[in-house]
Amino acid sequence: MPITFEPLLEFDNRAKQGFARIAQGNTLGFYMEEHRAGRAALFAVTEKGKRQGSLLLASETKPTGEKILAVMAASLEGKVDKIIREGRAWLNSYAVKSGHATVKFYTGSPKLAAEFLKAGARAKLTWNPYNG
């Protein structure tokens, strides 16, 4: 059964719990405010009607005018490789339909980054100079 991505109008408990695990919960308030202000879209990731995580998307524009679809945050459970494999096709379709030229994924998880690299993503290394 395929993975589906269902829009959420507000942060539900599963999204809050999942995103609270990112950066020891320091970014949850930021994610919620970006969504509340309309700068980010929230999706439930499901398979066979069962929740497999949450995804938060935003749009960035380079000075050249190129639009980038940014995966700001992902809280994935279960078979991460399958979610990424099937999710990549959905993200590509969503990006094309919404006029984005590139998809960017923010993650601090080495496991998640490795799965995206296996799926053919290009790597860009970044870090916070104040925190390692």
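Expressed to the nearest 0.5 Å, how far CG of L57 lies from CG of L42 amounts to 9.0 Å. A distance of 10.5 Å separates CZ of R14 from OG1 of T46, quoted to the nearest 0.5 Å. Taking NZ of K16 as the reference point, atom OG of S75 lies at 14.0 Å (rounded to 0.5 Å). Rounding to the nearest 0.5 Å gives a distance of 12.0 Å between CD of E77 and CD of E47. Rounding to the nearest 0.5 Å places OG1 of T4 at 12.5 Å from NZ of K48. For the atom pair T102 OG1 and E60 CD, the distance stands at 10.5 Å (nearest 0.5 Å).
In the displayed structure, E10 atom CD is contacted under 6.0 Å by at most 12 heavy atoms of other residues, nucleotides or ligands.
Relative orientation of the F5 and W90 rings is parallel, given thresholds of 30° and 60° on the angle between their planes.
Here the shortest heavy-atom pairing between A40 and L56 reads CB-CD1, 3.7 Å. Nearest heavy-atom pair across L28 and A20 is CD2-CB, 4.2 Å. Heavy-atom minimum distance, H100 versus L69: CD2-N, 3.3 Å. Between A15 and S54, the shortest heavy-atom distance links the atoms CA-OG, 3.5 Å. When all heavy atoms are compared, the tightest approach of A74 to F105 is CB-CZ, 3.8 Å.
In this structure the side chain of V103 never reaches within 4.5 angstrom of the side chain of Y94, judged on heavy atoms. Contact annotation: the side chain of I68 never approaches that of T61 to less than 4.5 Å [non-hydrogen atoms, C-beta and beyond]. Under the 4.5 Å side-chain criterion, counting only non-hydrogen atoms from C-beta, F11 is in contact with H35.
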**OP:** Could you check R51 against D12 for side-chain contact (heavy atoms from CB on, under 4.5 Å), going step by step and ending with a plain yes or no?
**Re:** CA-CA 12 Å; R51 186 74 168 263; D12 60 5; 2.7 Å; yes

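When the side chains of ILVMFWY residues are joined at heavy-atom separations under 4.5 Å, either directly or via intervening members, M72 and F43 end up in two distinct hydrophobic clusters. When the side chains of ILVMFWY residues are joined at heavy-atom separations under 4.5 Å, either directly or via intervening members, V71 and I22 end up in two distinct hydrophobic clusters.
Ring to ring, F19 and F30 are not that close: their centroids are 6.0 angstrom or more apart.
Judged purely by atom type and a 3.5 angstrom limit, E86 uses its side chain to pair as donor or acceptor with the backbone of I3. Side-chain N or O atoms of K67 include one that pairs as donor or acceptor with a backbone N or O of S98 at under 3.5 Å.
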